[in-house]
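Below is one structure, written out as structure tokens, with a few remarks after it.
Note that these values count all heavy atoms, side chains included, but never hydrogens, waters or copies made by symmetry.
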Amino acid sequence: MKKLLVILLILVLALTGGIVSYLNGIGAVDSSDMQDITVEIPNGSGASAIVAILDDNGLVKNTTCAKINARIGGYNSLQANTYIFNKSMTLSEMMKAINTGDFNYISKVSFQLSEGFRLSQCAQALSKVSDYSAEEIMAKWDDKDYVKTLIDKYWFLTDEILDKDVMHPLEGYLYPDTYFITDADPTIESLTEMALDEMDQELTKRKAEIEASDFSVHEFLTLSSIVTKEGCATDEDATHISGVFVNRLKKGMSLGSDVTVCYIFDEDRVDLKVSQLESDSPYNARKVQGLIPGPICTVPAIAMDGLLNYDKTDDLFFYAGPDGTIYYAKTNAEHDKNVADHPWSEEDLNQ
């Protein structure tokens, strides 16, 4: 009995020691080191392969214990992504995060495409979170062979965007939003498709309404983009401005929109030069009757809905005063009075 008790005691001590050693082996490498370490987990990675990746990044305290954990941990839904860990985390914490795709540990590098951004501004935003310059991104977006591959993929992209008069094929087709990047090395293609996928969702929700309107998707985004730049801070502004433009189109008038002239010169300003206003560009809505060749900026949902639900108004003119108020008029005389009554000062123009 004494020998049996001794053997049992030895076994208990050995088992306890093994458990303690195992738990220590899958513990934190350095509980005081909180420095972020970016870990890329590729598609199809199994638990053992992931342990090797973590080990390569200095996040594994004991490789043998980690391999045991990989076998017995029950990790059956490991998710590829780019994760941010540190050496104060235990192996179990990291493996659980990967197994659940825990958003708290996924890389959250982001870029923002704001409402009313021109494509050149979108390129600048993407260049800040990638290894590509804005010029390289624009060159890719203007590459017709690349654009044709996107036309094949997205229902709302058509050959209209390849028209000779269209300045940039993808102008107006990247949806304005904040995007989180999870790839370690994002490509121009992957970043572009993030914004196109979002536009796909927004347009698909409105597909039936757009088809029931008098516009193609390209025409719809073109006019919506002008509404965006002219001012759609509220639903009321968006629907009323849209109504004015629809009225002008129905009467065969030019849209008379100065924001399209700003687009020609890749700038935003109120005090346009006479030479700019006289531009012969097909984008000059002061001179062109009907719609210009394509969109001039990113288009938010409020502008889309404003056009789809435009006000049935008799107004043919509107004017944005220096305080942001929009004044509407049915006649040119009324419009001139609005301009005279609410002039822009030199200080306003310089702000």
Side-chain angles (χ1 to χ4, degrees), residues 115-116 155-156 158 160 171-173 175-176 199-263 270 277 282-342 344:
E115 298 176 4
W155 67 269
F156 54 89
T158 68
E160 288 176 279
E171 187 77 73
Y173 283 90
Y175 190 75
M199 179 59 86
D200 192 353
Q201 291 187 40
E202 294 298 328
L203 288 177
T204 297
K205 288 189 291 189
R206 300 167 174 83
K207 187 175 182 179
E209 292 177 273
I210 296 172
E211 290 176 344
S213 73
D214 294 328
F215 302 110
S216 67
V217 173
H218 186 68
E219 292 169 336
F220 173 75
L221 287 178
T222 297
L223 190 52
S224 294
S225 72
I226 299 174
V227 172
T228 300
K229 293 298 274 186
E230 287 287 8
C232 60
T234 66
D235 293 338
E236 182 180 355
D237 288 338
T239 56
H240 205 148
I241 290 174
S242 294
V244 170
F245 282 141
V246 170
N247 285 345
R248 294 179 73 92
L249 287 175
K250 287 180 177 179
K251 290 182 176 294
M253 302 171 64
S254 69
L255 293 179
S257 174
D258 287 352
V259 297
T260 64
V261 181
C262 292
Y263 176 72
V270 177
L277 295 172
Y283 279 87
N284 187 349
R286 272 179 161 252
K287 301 177 74 173
V288 174
Q289 285 191 335
L291 286 173
I292 58 176
I296 60 173
C297 67
T298 58
V299 181
I302 189 174
M304 295 184 194
D305 292 335
L307 181 53
L308 290 172
N309 302 285
Y310 68 86
D311 283 345
K312 307 303 188 291
T313 174
D314 293 329
D315 292 327
L316 290 171
F317 303 88
F318 65 87
Y319 167 72
D323 63 350
T325 302
I326 299 178
Y327 301 92
Y328 298 92
K330 295 178 176 59
T331 67
N332 194 53
E334 291 176 357
H335 174 66
D336 289 343
K337 187 175 187 304
N338 286 336
V339 175
D341 290 346
H342 308 281
W344 285 71

- Task: With the side chain counted from C-beta on, respond yes when Ile241 and Tyr328 share a heavy-atom pair under 4.5 Å apart, and no when they do not.
- Result: yes
- Are Val246 and Asp214 side-chain neighbours, meaning at least one heavy-atom pair lies under 4.5 Å? no
- Pair Thr228-Thr298, side chain to side chain contact (heavy atoms under 4.5 Å, CB included): steps then yes or no: CA-CA 8 Å; Thr228 300; Thr298 58; 5.8 Å; no
- Query: Below 4.5 Å, heavy atoms only, C-beta onward: do Trp155 and Val217 meet side chain to side chain?
  - Reply: yes
- Side chains of Leu223 and Leu291: does their closest heavy-atom pair fall under 4.5 Å? yes
- Compare every heavy atom of Ala285 with every heavy atom of Ser254, then report the nearest pair and how far apart it is. CB-O, 3.3 Å
- Message: So, taking the atom named CG in Asp336 and the one named CG in Asp341, what distance separates them when rounded to the nearest 0.5 Å?
- Response: 10.5 Å
- Is there side-chain contact between Phe156 and Ile210, with at least one heavy-atom pair below 4.5 Å? no
- Query: Can you name the residues that form a salt bridge (Lys or Arg N to Asp or Glu O under 4.0 Å) with Glu334, not counting sequence neighbours?
  - Reply: none
- Task: Look only at the side chain of Arg206 and the backbone of Glu202, and say whether a donor-acceptor pair between them is shorter than 3.5 Å.
- Result: yes
- Note on the structure: In this structure, OG1 of Thr260 is separated from CG of Asn284 (nearest 0.5 Å) by 5.5 Å
- Without hydrogens or angle criteria, can the side chains of Tyr327 and His342 be said to hold a donor-acceptor pair below 3.5 Å? yes
- Message: Using modelled atom types and a 3.5 Å cut-off, is there a donor and acceptor pairing between side-chain atoms of Gln289 and backbone atoms of Gly252?
- Response: yes
- Item | Taking every non-hydrogen atom, the tightest pair across Leu255 and Gly290 | CG-O, 4.0 Å
- Could you verify whether a donor N or O on one side chain and an acceptor N or O on the other, from Glu236 and Thr234, lie under 3.5 Å apart? no
- Query: Of the non-hydrogen atoms in Tyr319 and Asn338, which two are nearest, and what is the gap between them?
  - Reply: CE2-O, 3.7 Å
- Message: Measuring only between side-chain heavy atoms, which start at C-beta, is Thr222 closer than 4.5 Å to Ile292?
- Response: yes
- More than 12 foreign heavy atoms under 6.0 Å from NZ of Lys312: is that the case here? yes
- Item | Ring geometry between Tyr283 and Tyr263 (parallel below 30°, tilted from 30 to 60°, perpendicular above 60°) | tilted
- Check whether any side-chain heavy atom of Lys330 lies under 4.5 Å from a side-chain heavy atom of Thr313, and answer yes or no. no
- Query: When rounded to the nearest 0.5 angstrom, what is the spacing between NE2 in His240 and CD1 in Ile326?
  - Reply: 9.5 Å
- Task: Give, for atom OG of Ser224 and atom CZ of Phe245, the distance between the pair rounded to the nearest 0.5 Å.
- Result: 11.0 Å
- Close side-chain approach of Cys262 and Lys229, heavy atoms under 4.5 Å: no
- Query: Quick one: side chain to side chain donor-acceptor pair (under 3.5 Å) partners of His218, sequence neighbours excluded?
  - Reply: Tyr173
- Starting at OG1 of Thr239, measure out to CG of Asp311 and round the result to the nearest 0.5 Å. 3.5 Å
- Specify the closest pair of heavy atoms between Leu221 and Gly172, including all atoms of both residues, with the distance to one decimal. CD1-O, 3.9 Å
- Rounded to the nearest 0.5 Å, how far apart are CE of Met304 and CD of Glu209? 11.5 Å
- Are Asp314 and Asn247 close enough, and set up right, to give a side chain to side chain contact (heavy atoms under 4.5 Å, CB included), and what steps lead you there? CA-CA 7 Å; Asp314 293 329; Asn247 285 345; 5.5 Å; no
- Query: Of the non-hydrogen atoms in Gly231 and Asp237, which two are nearest, and what is the gap between them?
  - Reply: O-CB, 3.7 Å
- Item | Minimal non-hydrogen separation, Lys251 against Leu316, with atom names | CD-CD2, 3.8 Å
- Who pairs with Asp200 by salt bridge (Lys or Arg N to Asp or Glu O under 4.0 Å), at least two apart in sequence or on another chain? none
